[in-house]
Number of protein chains: 2
Amino acid sequence: MPHVTLEDVARAADVSLATASRALNGRRVTPHLHDRVLAAAARLAYTPNAHARALAGASHRSVGVICHDVTDPYFAAVAGGVMRVAADNDLLVMLASTFRDPEREIAYVSMLRAERAPAILLIGSGFEDPRWDRALAAELTPYLDGGGRVAVVSRHRNLKVDSVLPENRAGAAALARALLGLGHRRFAVLSGPSELTTVADRFGGFRDELAAAGVTLSPAAVAEAEFTRDGGYQAMTELLGRGLDATCVFALTDVMAVGAYAALRDHGLSVPGDISVAGFDDIPIVRDLTPPLTTVALPLRQLGEKAMELALTENPGRRRRISRLPAEVVLRASTSPARA
Amino acid sequence: MPHVTLEDVARAADVSLATASRALNGRRVTPHLHDRVLAAAARLAYTPNAHARALAGASHRSVGVICHDVTDPYFAAVAGGVMRVAADNDLLVMLASTFRDPEREIAYVSMLRAERAPAILLIGSGFEDPRWDRALAAELTPYLDGGGRVAVVSRHRNLKVDSVLPENRAGAAALARALLGLGHRRFAVLSGPSELTTVADRFGGFRDELAAAGVTLSPAAVAEAEFTRDGGYQAMTELLGRGLDATCVFALTDVMAVGAYAALRDHGLSVPGDISVAGFDDIPIVRDLTPPLTTVALPLRQLGEKAMELALTENPGRRRRISRLPAEVVLRASTSPARA
DNA sequence: TAGCACCCTGAAAGCGCTTACTGAAAGCGC
DNA sequence: GCGCTTTCAGTAAGCGCTTTCAGGGTGCTA
């Protein structure tokens, strides 16, 4: 059963294709004919074929957004920002999840490119291996040459595109200072997959600031796992198994911190009584944990909004525009002064 | 700057358009020419135009998913299931958020229809007002006639399409029984927007089961708000302001329960010491609340997976297939026996 | 009333691709 | 070696739309 086409509508309204097209697109047409076309279209439940339309030159309205994992509150919040701006601009969003697989990420870019999406947004940490940046650039460059718009969030290396950069490094450093200020000297870190650049930024910022204060982080006090709740649980459990003697744990993401809470509880340790915990991101739920989590707040919605806005605003010279968004330490009850 | 087209590739490889197309699509072509075409395509960074392709008859690969709010963990989890199955089938998903606006929902269906998406999934409660179902049906029917596939999750009225139905009513009833079993007799309910059918199902199932046990729910013990964390906070606060004397609160969604926890804490009440709390959905985070939340567990991922599977499997007679997924009461520490 | 400028409609040319259909070359049996 | 089938490249016809271009009314000016 084929779809109703413009030709059907034109025939039903007894006008030419051109007139039907113009009437439907609000171009000047005698009111009389205009009404006849609209009536026919309604009667036939006509919906224009977006592909034909796109092919014939009309720009189309679905932007692509690629993130690592929609079920992660961090990405959900950023995507929420993207969608808000998209909705305001009457744009449809195609959201894809890569599950942190760089190959899948590239495959999605390729699909979006094939769709001739007017814009592609990449949300989330890049990968350390330069091979992926090269492969990505190979996809992105012809896309940009073809007039496509690209904006990325939280990924800065080697990609000459508009970027929204949360202050991962500075935020982690600020957190380190705050924690040092509370008197902590022995730290543990729940780190994420080392192939992600965000890990290097946050971990590096934290460690360097500690070092500047003369505090070193022993490798034994660092555990690496997935950026998930269960990853956090696992990493914390591992550290505990090693006989941890830290007074404060820094989880590279709030989601991991949630898992850490559970692991600590399962070991009969209280937060912050036995150990302080800090996270990063300020996803909405951490305010409702017991105790509320100290973290580095990122303006999550704004990250998405800004990225969408960048992709929407003209950039004639194709200069790389960078929008840095501040990270701010939020002290809550999960951290307390270190005991003497 | 126009895109590289198949014609460019054909010319570069010195073959006809048809041959280039065949080579790229893995049809039988002399190995010699085949290689030449692929080499040329790679050299030119050719990406086929999905629109032209779709127009020319090749089916295309992006299914549409419409949900109420991607930032809500419930939808995020369901969407995660959808994406998993979609990824396995090499499908791109276009995810849209309606923010619970029925007009926007219909607008999205229309856009997706225009895109000739092979399938459309509607995730989340429908609206009570039959007007919306009619408007939706008016969009969906021609889409189905045109060979489109539709599956819905958690929306059962009046829509003759494949459905995945969580046992909202039965689940709420089972929860009521469990709570009665704990000795509770005075209940309060944090309800959601009354225009959502899910509200009627859950609330109705709960209330009717209570009634069957001779327990009535006074209107004063019911507060209505948005299905959000803040909505839950607000509804709970309102109830508290009214001088609540319930021993147990049922929040229609877990997300609302999170807000209720906060409101209770702000009023100096402890859970379950002063009052028991139960939710619905079993979103991942509620296990990590303090205390862990008693709730009605829905297989969230599966809801999405099943819906995607339904939309993917042939349905020759276009019969309405219904897949009912069970809801299960999970008792955790947020509920305790009622004090005598 | 003739001449000119407008406005609006319809015919037709693509947009980039897939896929019959056509035709040439090659492989086979006798 | 001839006529047959088989294989595979090329030609061309759309898919459904937008838009340019041409042409024919109409209203205005002189």
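So you know, we letter chains A, B, ... as the sequences are listed, proteins then strands, and number each from 1.
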Whole angstroms only, please: what is the [atom1]-[atom2] distance between [X] and [N]?
X: B:L55; N: C:dC15; atom1: CG; atom2: P; value: 13 Å
X: B:R28; N: D:dT6; atom1: CZ; atom2: P; value: 16 Å
X: B:L6; N: C:dT18; atom1: CG; atom2: P; value: 7 Å
X: B:E7; N: C:dG14; atom1: CD; atom2: C1'; value: 12 Å
X: A:D8; N: D:dG16; atom1: CG; atom2: C1'; value: 10 Å

B:Q302: partners by side-chain hydrogen bond (donor to acceptor under 3.5 Å, both in side chains), with sequence neighbours left out: none
Sequence-distant partners of A:A50, side-chain contact (heavy atoms from CB on, under 4.5 Å), two or more places apart: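 B:A114, B:E115.
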By side-chain contact (heavy atoms from CB on, under 4.5 Å) - contacts of A:A18 (at least two apart): A:S16, A:R22
According to salt bridge (Lys or Arg N to Asp or Glu O under 4.0 Å), who are the partners of [X], at least two apart in sequence or on a separate chain?
X: B:R11; result: B:E7, B:D8
X: A:E195; result: none
X: A:E314; result: A:R149
X: A:R324; result: none

Residues from residues 29-53 of chain A lying under 4.0 Å of DNA chain C - heavy atoms: A:V29, A:T30, A:L33
Of residues 16-27 of chain B, the positions that come close to DNA chain C - non-hydrogen atoms, cut-off under 4.0 Å: B:A18, B:S21, B:R22, B:N25, B:R27
Pair A:R320-A:S163, side-chain donor/acceptor within less than 3.5 Å: yes
Cut-off 3.5 Å, no hydrogens considered: what does the side-chain donor-acceptor table look like for residues 85-93 of chain B, sequence neighbours left out?
residue: B:D88; atom: OD2; partner: B:R84; partner atom: NH1; Å: 2.7
residue: B:N89; atom: ND2; partner: B:V85; partner atom: O; Å: 2.8

Bend angle of the helix from C:dT1-D:dA30 to C:dC30-D:dG1, from helix axes over five pairs at each end, nearest 10°: 40°
Contact list for residues 71-110 of chain A, test ring-ring contact (aromatic ring centres under 6.0 Å, His included), sequence neighbours left out: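 Found A:H68-A:F75.
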